[in-house]
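Just so you know, these numbers use all the heavy atoms, side chains as well, and skip hydrogens, waters and symmetry mates.
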Amino acid sequence: MEDKKISERESLELITRMIQETKERNNKLAAYPMLIWGYATVCVTLLIWYLSVFAYAPHIQYLWFLLPLTAGPITFLVNRKQEQTGVKNYIDRIIGYIWMVIGSIGLLVSVIAFALPIQILFIISLLMSTGATLTGLVAKFKPLVICASIGIVLSFIFPFIDGRIEQLPLFTIIFVLIMIIPGHIMHQYMKKA
């Protein structure tokens with residue numbers, strides 16, 4: 001096969017086209033995983049809170065497993081669709097690694113919480129807020145950095161609230177702040193780009 005030399009102008013056009021294609025690919029579905037996990041977490045949290053306050057449900061904590069059972073497959077389908085639109089770039093991979101580590105730690109801590117009395121809502125809020133902050137920093141998306149940083153600060157309120165049921169509204173607020181609000185802002189921004 002013969003290598004073809006390209007001019008500076010053609011090289012610049014190729015680089016510009018590749019950057020534009022990467023932006024367009026990222027713009028399509030980038031906010032969906034945040035929105036999926038944000039809304040799933042808020043819905044499951046509110047369901048657990050409601051059943052805890054208004055109904056007798058002895059094994060209510062097992063409802064937390066609805067999160068990976070609902071949001072997991074939906075996220076998988078969205079990510080699969082996104083992968084079909086182009087090749088992952090370096091930032092996509094870094095963000096993927098961040099959430100792979102954060103998600104694994106979150107799952108491990110959640111399983112341990114069934115056996116040991118730990119401040120699970122504090123740990124998960126802090127962990128997810130940290131992951132969202134890192135994602136915002138890597139993606140250079142200021143609304144996510146700001147909202148997730150506020151989530152980190154709010155997470156430190158948990159140790160001062162007695163009882164897990166009383167902590168659930170704060171947990172809900174934090175997930176609206178770190179996932180849903182920046183997810184919608186990102187979605188609107190991506191639609192305009």
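Hydrophobic cluster membership is shared by L46 and F175, with clusters built from Ile, Leu, Val, Met, Phe, Trp and Tyr side chains linked at under 4.5 angstrom. Cluster membership check: V111 does not share its hydrophobic cluster with I124, using side-chain heavy-atom separations under 4.5 Å among Ile, Leu, Val, Met, Phe, Trp and Tyr. When the side chains of ILVMFWY residues are joined at heavy-atom separations under 4.5 Å, either directly or via intervening members, L51 and L67 end up in a single hydrophobic cluster. Hydrophobic clustering, with ILVMFWY side chains joined whenever heavy atoms are under 4.5 angstrom apart, groups I152 together with M179. Residues L108 and L116 share a single hydrophobic cluster, defined by chaining ILVMFWY side chains whose heavy atoms lie under 4.5 Å apart.
Counting only heavy atoms from C-beta outward, the side chains of M100 and Y97 approach each other to under 4.5 Å. Side-chain contact between I174 and F171: absent, with no pair of heavy atoms (C-beta onward) separated by less than 4.5 Å. Within the 4.5 Å cutoff, the side chain of T135 has no heavy atoms near those of the M34 side chain. Contact annotation: the side chain of L121 never approaches that of I161 to less than 4.5 Å [non-hydrogen atoms, C-beta and beyond]. I95 places a side-chain heavy atom less than 4.5 Å from the side chain of W99. Side-chain contact between C147 and L177: present, with at least one pair of heavy atoms (C-beta onward) separated by less than 4.5 Å.
For F156 and F122, the ring centers are positioned less than 6.0 Å apart.
Taking every heavy atom of both residues into account, W37 and G72 meet most closely at CZ2-N, 3.7 Å. Residues L127 and I102 come closest through the heavy atom pair CD2-O, 3.7 Å. Across all non-hydrogen atoms, the minimal contact from G183 to A31 is O-CB, 3.2 Å. The shortest non-hydrogen separation linking T130 to L126 is OG1-O, 2.7 Å. Nearest heavy-atom pair, P68 versus P73, reported as atom, atom and distance to 0.1 Å: O-CD, 3.4 Å. Residues F158 and Q167 come closest through the heavy atom pair O-NE2, 3.1 Å.
In this structure, CD1 on I150 lies 10.5 Å from OG on S129, to the nearest 0.5 angstrom. One distance of note links CG of L168 with OG1 of T45; it measures 6.5 Å at 0.5 Å rounding. Here I185 contributes atom CD1 and I181 contributes atom CD1; the two are 7.0 Å apart, rounded to the nearest 0.5 Å. One finds the CG atom of L35 at 8.5 Å from the OH atom of Y32 (value rounded to the nearest 0.5 Å). Rounded to the nearest 0.5 angstrom, Q61 CD and S52 OG are separated by 6.5 Å. Taking OG of S149 as the start and CG of L144 as the end, the distance is 8.5 Å to the nearest 0.5 Å.
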- Criterion side-chain contact (heavy atoms from CB on, under 4.5 Å) on M128 and I178, from CA distance to verdict: CA-CA 8 Å; M128 295 303 146; I178 68 171; 3.8 Å; yes
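Enclosure of atom CZ in F114 by more than 12 non-hydrogen atoms of other residues, nucleotides or ligands within 6.0 angstrom is indicated.
The aromatic rings of Y62 and F65 lie parallel to each other, their planes meeting at an angle below 30°, with 60° marking the opposite boundary.
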